[in-house]
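Working notes, beginning with the structure itself.
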Amino acid sequence: MVTLLKFLKGTQLTLPTIMGVVNCTPDSFSENGVVKTVDMAVSYALELIEEGASIIDIGGESTRPGAKSISTEEERARIEPVLNILRKKTQAIISIDTQKPEIMKIAQELGADIINDVSGFANLESINFAKQTKLHLIVSHMQGTPISMQYNPQYSGHVINVIKSYFTHTIQKLEEAGVSRNQIIIDPGIGFGKTFDHNMQIITNINELMSFDLPICIGLSRKSLNKTLLQLSNNDPIAHRLPSTLLLTQVSLAQGAGIFRTHDVGVTKRWITAIEEYKMWFNKSNQQL
């Protein structure tokens with residue numbers, strides 16, 4: 001089980017850890033995490049670090065279901081000034097959520113530590129970037145594209161087996177291109193081309209991904225499966241999905257997930273801390289019997 005992440009600048013993160021979300025987009029599904037100015041984005045990122053985020057994930061293009069792709073120029077205009085200022089204000093780990101190789105290169109030049117690609121580096125130019133960088137790479141599974149991925153998604157066979165096959169192939173492809181295995185983090189892509197049942201099957205069987213011996217990142221925060229699990233309506237505030245998010249966080253943590261991408265950093269940090277402290281007490285108590 002991977003318990004430690006090491007970065008180029010010498011920073012080491014012990015897993016589990018929290019990734020806070022900063023959406024520099026006007027059309028995110030979440031009620032918070034969305035920022036409208038550069039100063040707001042930087043201030044919000046610093047707040048998330050104070051709340052307990054070890055990683056800040058900055059996104060300039062929405063990947064919500066139905067989202068349309070934007071131009072490289074527009075995504076750059078959203079991300080570049082935020083990353084440029086934030087990097088000067090903190091040594092926290094910064095991740096850039098992008099599918100575009102041009103944005104990946106800019107992010108690297110400005111001091112990002114992680115590239116988070118929901119397409120799993122499907123673009124040939126992205127693979128060329130990946131083989132030339134030493135940054136960590138979050139390789140996600142997504143069926144389809146954001147604009148169409150939630151239109152009747154189907155899988156032949158159990159979804160976790162399909163995802164395992166995908167990671168086997170994708171990791172091999174990256175390694176053959178020259179990417180070090182130590183750079184890779186895997187993300188099963190909750191909500192990216194999956195039904196409620198698919199998502200729940202992944203979470204229930206996420207321990208199957210431990211066979212790769214790589215850090216597992218998972219994004220559960222405020223996604224629609226939480227609405228379904230809690231039997232909420234479309235009129236209920238997004239924030240009402242928090243109890244389900246925390247429950248599924250606990251299930252994923254118990255099975256080996258190590259990086260939790262969330263909009264609710266403070267409460268998720270405290271939740272995971274409580275779980276880890278209880279495990280330590282329980283193990284110590286049993287040793288004394």
Checklist entry - Does any non-hydrogen side-chain atom of Leu137 lie less than 4.5 Å from one of Ile114? => result no
Checklist entry - Heavy-atom distance under 4.5 Å between the side chains of Met280 and Phe282, does that happen here? => result no
Next on the checklist: Is there a side-chain contact (heavy atoms from CB on, under 4.5 Å) between Asp97 and Ile58? Walk through the geometry before answering.
Outcome noted: CA-CA 6 Å; Asp97 181 355; Ile58 302 171; over 6 Å; no
Next on the checklist: What's the separation between atom CE in Met19 and atom CD1 in Ile94, rounded to the nearest 0.5 Å?
Outcome noted: 11.5 Å
Next on the checklist: Under 4.5 Å between side-chain heavy atoms, counting indirect links through other Ile/Leu/Val/Met/Phe/Trp/Tyr residues: same cluster for Ile85 and Ile96 or not?
Outcome noted: yes
Checklist entry - Transitively linked via ILVMFWY side-chain contacts under 4.5 Å: Leu15 with Val251? => result no
Checklist entry - If two hydrophobic side chains count as joined below 4.5 Å and joins carry through other members, does Leu209 share a cluster with Leu174? => result yes
Checklist entry - Do the rings of Tyr155 and His141 sit parallel, tilted or perpendicular, given the 30° and 60° boundaries? => result tilted
Checklist entry - Is there a side-chain contact (heavy atoms from CB on, under 4.5 Å) between Ile93 and Ile56 once you walk through the steps? => result CA-CA 6 Å; Ile93 301 302; Ile56 296 297; over 6 Å; no
Checklist entry - Is there side-chain contact between Pro153 and Gln143, with at least one heavy-atom pair below 4.5 Å? => result yes
Item to check | Gap between atom OG1 of Thr133 and atom CD1 of Ile115 - 0.5 Å precision | outcome: 7.0 Å
Item to check | Side chains of Ser119 and Asp117, donor plus acceptor under 3.5 Å | outcome: yes
Next on the checklist: I'd like to know if Asp57 and Arg261 make a salt bridge, using a cut-off of under 4.0 Å between side-chain N and carboxylate O.
Outcome noted: yes
Checklist entry - Taking it one step at a time, do Leu230 and His240 satisfy side-chain contact (heavy atoms from CB on, under 4.5 Å)? => result CA-CA 9 Å; Leu230 291 166; His240 285 186; 5.9 Å; no
Next on the checklist: Strictly below 4.0 Å, N to O, side chains only: are Arg222 and Asp264 in salt-bridge contact?
Outcome noted: yes
Next on the checklist: Pairing donors with acceptors under 3.5 angstrom, does anything connect the side chains of Ser126 and Gln99?
Outcome noted: no
Next on the checklist: Quick check: do Gln250 and Trp271 have side-chain heavy atoms less than 4.5 Å from each other?
Outcome noted: yes
Checklist entry - Heavy atoms, side chains only, cut-off 4.5 Å: are Gln108 and Phe129 in contact? => result yes
Checklist entry - So does Glu51 pair up with Lys269, basic N to acidic O under 4.0 Å? => result no
Next on the checklist: Working to the nearest 0.5 angstrom, can you tell me the gap between Asn84 CG and Ile79 CD1?
Outcome noted: 13.0 Å
Checklist outcome for this item: Tested for side chain to side chain contact (heavy atoms under 4.5 Å, CB included) against Leu13, the lone hit among Thr3, Ile18, Leu5 is Leu5
Item to check | Check ion pair Lys105-Glu102 (N to O, under 4.0 angstrom) | outcome: no
Checklist entry - Just how far is it from atom CD1 of Ile186 to atom CD1 of Ile216, taken to the nearest 0.5 Å? => result 5.0 Å
Checklist entry - Within a strict 4.5 Å, meaning less than it, do heavy atoms of the Ile70 and Arg78 side chains meet? => result yes
Checklist outcome for this item: dist Thr273:OG1 -> Ile275:CD1 (nearest 0.5 Å) comes out at 9.0 Å
Checklist entry - Should Phe196 and Val162 be regarded as members of a common hydrophobic cluster, given that ILVMFWY residues are connected when their side-chain heavy atoms come within less than 4.5 Å of each other, either directly or indirectly? => result yes
Checklist entry - So, Asn234 versus Lys227: side-chain donor-acceptor pair below 3.5 Å or not? => result yes
Checklist entry - Within a strict 4.5 Å, meaning less than it, do heavy atoms of the Ile259 and Ser54 side chains meet? => result no
Next on the checklist: Any heavy-atom pair between the side chains of Asn123 and Pro101 that's under 4.5 Å?
Outcome noted: yes
Next on the checklist: Salt bridge or not between Lys100 and Glu61? Use side-chain N to carboxylate O under 4.0 Å.
Outcome noted: yes
Checklist entry - Does Lys9 pair with Asp113 as a salt bridge, N-O distance under 4.0 Å? => result yes
Checklist entry - Going through the checks in order, is the side-chain hydrogen bond (donor to acceptor under 3.5 Å, both in side chains) test met by Thr11 and Gln91? => result CA-CA 9 Å; Thr11 302; Gln91 289 299 306; 5.7 Å; no
Next on the checklist: As a quick check of understanding, evaluate side-chain contact (heavy atoms from CB on, under 4.5 Å) for Lys164 and Phe212, giving each step before the final call.
Outcome noted: CA-CA 9 Å; Lys164 285 176 68 177; Phe212 292 101; 4.3 Å; yes
Item to check | Residues Arg181, Glu175: salt bridge by 4.0 Å N-O rule | outcome: yes
Item to check | Same apolar cluster: Ile202 and Leu214, side chain cutoff 4.5 Å | outcome: yes
Item to check | More than 12 heavy atoms from other groups under 6.0 Å of NE2 on His158 | outcome: yes
